[in-house]
Chemist: 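My structure is below; once you've seen it, I'll send some questions.
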There are 4 protein chains.
Amino acid sequence: MVDTVRSTFLNLPEAKQEKILDAALAEFADKSYEQASVNVMVSACGIAKGSLYQYFKDKKGIFLYVFDLAVSRVRRTLVKVKEETAGEEFFTRLEKSLLAGVDFIRRHPRIYNLYLKILFDQRVPERERLLTAVRRFAADYLGSLVRQGVARGEIRADLPEHTVIFLLDALFDRFLQATCVPAFDVTLNLEKADEREIRERIGELVGILRSGLAA
Amino acid sequence: MVDTVRSTFLNLPEAKQEKILDAALAEFADKSYEQASVNVMVSACGIAKGSLYQYFKDKKGIFLYVFDLAVSRVRRTLVKVKEETAGEEFFTRLEKSLLAGVDFIRRHPRIYNLYLKILFDQRVPERERLLTAVRRFAADYLGSLVRQGVARGEIRADLPEHTVIFLLDALFDRFLQATCVPAFDVTLNLEKADEREIRERIGELVGILRSGLAA
Amino acid sequence: MVDTVRSTFLNLPEAKQEKILDAALAEFADKSYEQASVNVMVSACGIAKGSLYQYFKDKKGIFLYVFDLAVSRVRRTLVKVKEETAGEEFFTRLEKSLLAGVDFIRRHPRIYNLYLKILFDQRVPERERLLTAVRRFAADYLGSLVRQGVARGEIRADLPEHTVIFLLDALFDRFLQATCVPAFDVTLNLEKADEREIRERIGELVGILRSGLAA
Amino acid sequence: MVDTVRSTFLNLPEAKQEKILDAALAEFADKSYEQASVNVMVSACGIAKGSLYQYFKDKKGIFLYVFDLAVSRVRRTLVKVKEETAGEEFFTRLEKSLLAGVDFIRRHPRIYNLYLKILFDQRVPERERLLTAVRRFAADYLGSLVRQGVARGEIRADLPEHTVIFLLDALFDRFLQATCVPAFDVTLNLEKADEREIRERIGELVGILRSGLAA
DNA sequence: AATGAATGAGAATTCATTCAT
DNA sequence: GATGAATGAATTCTCATTCAT
């Protein structure tokens, strides 16, 4: 995190910062890391190429900064959901989390694309660190939901916690992918589904989970 | 499929074909499509640059040929599993399919990487066509298992078929990813698991599914 | 002329020879000499690349053979016109020659294109020799017409012969170019003219020449 | 004209601009458009390959810029002749124009070669547009001379204007070609003629024209 | 006589990064 | 602090010619 951004950037008026970050996010979300072009970024946001190199050490620095920013937004969103549903039943919280997830990536598709990049594009700088951090956050999030559910007796206590989390995480992730990766989902057609359909599908899926997991 | 490969290539001795396809697969599995380098391929397999262009129309042609080859191998493997377990119970077949999948990608990690590429790398040539084909195959495979399971009374008949397939597919896919994408799985540590552990985890997951789905 | 074609070629059945020459002429007429592609020729006429190199020493050999063939066709055509109009008046012969020229290049545009190539494309092999030969033929042709015209008292005898030939040649050549080089002629629009219009324009031009040259 | 050159180039010191344009003009005049090599240009003028691509979008851009520059120089030269001879007799102006033309292409042979390129090299970018522009300029130039000559009673009024222009243009063009295209002119040997001889030949030709055209 | 696989130099273009102004 | 010109190695793809079969 150190060395990725320079004070020159942080001293910039916020509007300018935003313009630059927008251009960078757009480019990184659109192409693979190596294919993303600094040239395109600078001409998209109308600054000189040299300037960008005064704000960030190099391309890698730009990427890391943009990525960290994106992650913290995701984090904030999900944590809010967790807090707002603190008292509710486990399966309800699951549904609401899923819905919030879909909502988020529909509003910020480029951030979600960034995440997909590091999932499967080796050669993203510090991929391992970034990926582990994100994955860990997801696991922790679901883990805390599950533990609370078990404590309240809403979930069977005899199941290995890790396996339950794995299953939930798999479903969660895939559901989001299905709603936004083109040509990916050939069974539920989530990509073109409106909110009502999304809710229905979530209901069905959580229904099955309930049969499998509920105490 | 037409126009991707030239007869020049097919007339080559098999050993040479293999050497070339190996180099190409390695490169495409390693980098994003655009980043994959024809230069690297030719020096990896020790042929002249011009020669590769006698075998294939262009980079895209190489990719499509390699990809189609890879898909047909996967297909063959899974179809064999289906046939060999034709008489068995649904959840057993599921376990065996998963196991066969893990086994396949452990023996052919680069093929699996190729699949991951087209999942999330826009800019892969004919991505939509390729992806849809693969996804559809997976859905059909699981679909036929499910329908037979329902017919035999092993699975609840009241669940929407598509949703069940979606769930199984999600789990299937994620399980494979967890076993071979580095730094991806932070809950079950499948990447480093030996076969015994894999079997155990599969057992646990299918156990949960059984509770949710069994009639 | 030696060394351009090999006996292997001349022993070929005529139909095959023709097919090959056709493909070569088409390619050389279409592109600059260096840009013309042996690959394109062989795939256009359906023979192996190696075969072409058994018929001709190299690309240059193909070109020279095709060119010589083309020139002899032109020569034959014009000589026939000269013979058939042997007894007629100078300006009539001029008109008929022009008409025959237009007719020839409309029927054999690729041959005319070949000629244009060597006119202005440096880097055509043996360009100087080929061009001089063609130019000399044209000058001789017009020269013999002029001398006969002078002898018969149809043309002023006080004019320098070379200058007269130069003028006629210029007009002749330009007229042909105007009828077949796209976008070249912006005054008479000869490119799109039908035969009647061509005759009219020829009549007008020769009319002016008559005023300037007639005795 | 737009998009061919970049401000980067125009901001360069004039000497450097000239060096680059010189190298480009030399290359384009020497070879066919497709055969002309950007590599050769950059090593001829001692800049990096990447730099040239900062100055121009692509090879086509370089060509168009060089061509437009060349055309405007020709235009300027001829317009000056027209103005300087405004009051003089038609046939005198014709002679002076021809002389100025010969003088120009002897001082700028590469510019004239560029013109010849687009005349007969299909495959030059925007050939039609460029060629039409040049041809139209020539026709307009001669047309204005002719119309003034007719108005002053120096030229027969009964001749179709277009045909007269066509004839003059043909002669004009061919005369210039004869003086600078190697091996082209086999009758007057203009290529090796000194200025005195050129003047004589021009005199003779215009003499004939006078007989044909003068009122 | 015919084939067609092999070659490697050369083509145009893009790129992240540096540095003098 | 901001600029943008300069770089040269990298990219994909084409080509005429050779030669063993």
Side-chain angles (χ1 to χ4, degrees), chain A residues 6-9 11-12 16 34-43 47-62, chain B residues 6-13 16 31 34-43 46-62, chain C residues 6-9 11-12 16 34-43 47-62, chain D residues 6-13 16 31 34-43 46-62:
Chain A
R6 295 188 168 155
S7 60
T8 39
F9 180 72
N11 291 338
L12 249 37
K16 191 168 185 180
E34 307 225 34
Q35 211 61 29
S37 160
V38 175
N39 279 342
V40 172
M41 293 176 206
V42 295
S43 56
I47 65 170
K49 208 175 337 181
S51 301
L52 195 55
Y53 279 87
Q54 298 214 308
Y55 304 149
F56 301 95
K57 182 182 183 305
D58 51 18
K59 188 180 172 180
K60 176 179 154 187
I62 309 170
Chain B
R6 295 190 167 152
S7 61
T8 321
F9 180 72
L10 302 172
N11 292 339
L12 251 36
K16 191 166 187 181
K31 323 230 183 96
E34 306 223 35
Q35 210 60 29
S37 161
V38 174
N39 280 349
V40 171
M41 292 176 207
V42 295
S43 54
I47 64 172
K49 213 187 311 194
S51 300
L52 194 54
Y53 280 89
Q54 303 254 42
Y55 305 149
F56 301 95
K57 186 185 183 307
D58 51 18
K59 187 180 173 180
K60 176 178 156 186
I62 309 171
Chain C
R6 295 187 169 156
S7 61
T8 40
F9 180 71
N11 292 337
L12 250 35
K16 191 167 184 182
E34 306 226 34
Q35 210 62 28
S37 160
V38 174
N39 280 343
V40 171
M41 292 176 207
V42 295
S43 57
I47 66 170
K49 212 184 321 191
S51 301
L52 195 55
Y53 279 87
Q54 298 213 307
Y55 305 148
F56 301 94
K57 184 182 184 305
D58 51 16
K59 189 180 174 182
K60 175 178 154 188
I62 310 170
Chain D
R6 295 192 167 149
S7 62
T8 322
F9 180 72
L10 302 172
N11 292 339
L12 250 37
K16 191 167 188 181
K31 322 231 182 95
E34 307 223 34
Q35 210 60 28
S37 161
V38 174
N39 280 349
V40 171
M41 292 176 206
V42 294
S43 55
I47 66 171
K49 213 187 313 193
S51 299
L52 194 53
Y53 280 88
Q54 303 254 40
Y55 306 149
F56 300 94
K57 185 184 183 308
D58 50 17
K59 186 179 171 182
K60 176 178 157 186
I62 310 171

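Chain identifiers are assigned alphabetically (A, B, ...) following the order of the sequence lines, protein sequences preceding nucleic acid strands; residue numbering begins at 1 within each chain.
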Chemist: Both V40(C) and V40(B) contact DNA chain F. Taking the nearest nucleotide for each, which residue is further toward the 5' end?
Modeler: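 The 5'-side residue here is V40(B).
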Chemist: Can you run through DNA chain E from 5' to 3' and write each base as (, ), [, ], | or . depending on how it pairs? Watson-Crick or G-U wobble, both distances under 3.5 Å.
Modeler: .||||||||||||||||||||
Chemist: Please state whether the phosphate of dG1(F), meaning OP1 or OP2, lies under 4.0 angstrom from any side-chain nitrogen or oxygen of N11(A).
Modeler: no
Chemist: Would you tabulate the pairs of protein nitrogen or oxygen atoms and nucleotide nitrogen or oxygen atoms of nucleotides 17-21 of chain F closer than 3.5 angstrom?
Modeler:
unit_1  : atom_1 : unit_2 : atom_2 : d
dT17(F) : OP2    : Y53(C) : OH     : 2.9
dT17(F) : OP2    : K59(C) : N      : 3.0
dT17(F) : O4     : K49(C) : NZ     : 3.0

Chemist: Using whole Å, what does the distance between atom P of nucleotide dA1(E) and atom CZ of R6(C) come to?
Modeler: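 It is 11 Å, rounded to the nearest whole Å.
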Chemist: Does any part of the side chain of R6(D), heavy atoms only, come nearer than 4.5 Å to the side chain of Q54(D), both counted from C-beta?
Modeler: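 They are not in side-chain contact.
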Chemist: So, does K59(D) use its side chain to make a donor-acceptor pair with the main chain of E34(D) at under 3.5 Å?
Modeler: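 Pair found, side chain donor or acceptor close to backbone of E34(D).
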Chemist: Measure the spacing between OH of Y55(C) and NZ of K16(C) and express it to the nearest 0.5 Å.
Modeler: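 Between atom OH of Y55(C) and atom NZ of K16(C) there are 3.5 Å.
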Chemist: Among dG4(E), dT7(E), dA2(F), which nucleotide has an atom closest to any side-chain atom of I47(B)?
Modeler: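 Selected nucleotide (nearest to the side chain): dT7(E).
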Chemist: What's the spacing between T8(A) OG1 and L52(A) CG if we round to 0.5 Å?
Modeler: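 Answer rounded to 0.5 Å: 10.0 Å.
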Chemist: Which atom pair, heavy atoms only, marks the closest approach of K49(A) to V42(A)?
Modeler: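 For K49(A) and V42(A), the tightest heavy-atom pair comes out as CA-CG1, 3.8 Å.
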Chemist: Which atom names give the shortest non-hydrogen contact between D58(D) and Y53(D), and what distance separates them?
Modeler: CA-CE2, 3.9 Å
Chemist: Does dA16(F) have OP1 or OP2 under 4.0 Å away from a side-chain N or O of S37(C)?
Modeler: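 Indeed, a polar side-chain atom of S37(C) lies that close.
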Chemist: Nearest whole angstrom, please: distance from the P of dT14(E) to the CD of Q35(B).
Modeler: 15 Å
Chemist: Using whole Å, report how far CD1 of I62(D) lies from C1' of dT13(E).
Modeler: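 One finds 11 Å between C1' of dT13(E) and CD1 of I62(D), rounded.
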Chemist: Quick one: on DNA chain E, does A36(A) or L52(C) contact a more 5' nucleotide (nearest heavy atom)?
Modeler: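 It is L52(C) whose nearest nucleotide is closer to the 5' end.
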Chemist: For Y55(A) and dA16(E), what is the distance between atoms OH and P respectively, to the nearest whole Å?
Modeler: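 About 18 Å, once rounded to whole Å.
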Chemist: Provide the closest heavy-atom pair for A36(B) versus K31(B) in the form atom of the first, atom of the second, distance.
Modeler: N-CB, 3.8 Å
Chemist: Would you kindly give the CE-to-C1' distance between M41(B) and dT11(F), to the nearest whole Å?
Modeler: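 The answer, rounded to whole Å, is 12 Å.
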Chemist: Heavy-atom nearest nucleotide on DNA chain E for S51(C) versus A48(B): which residue maps closer to 5'?
Modeler: S51(C)
Chemist: Whole Å only: how far is the CD atom of E34(D) from the P atom of dG10(E)?
Modeler: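 Atom CD in E34(D) sits about 19 Å away from atom P in dG10(E).
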Chemist: Side chain of L12(B), heavy atoms from C-beta onward: which of dA5(E), dA16(F), dA11(E) has the nearest atom to it?
Modeler: dA5(E)
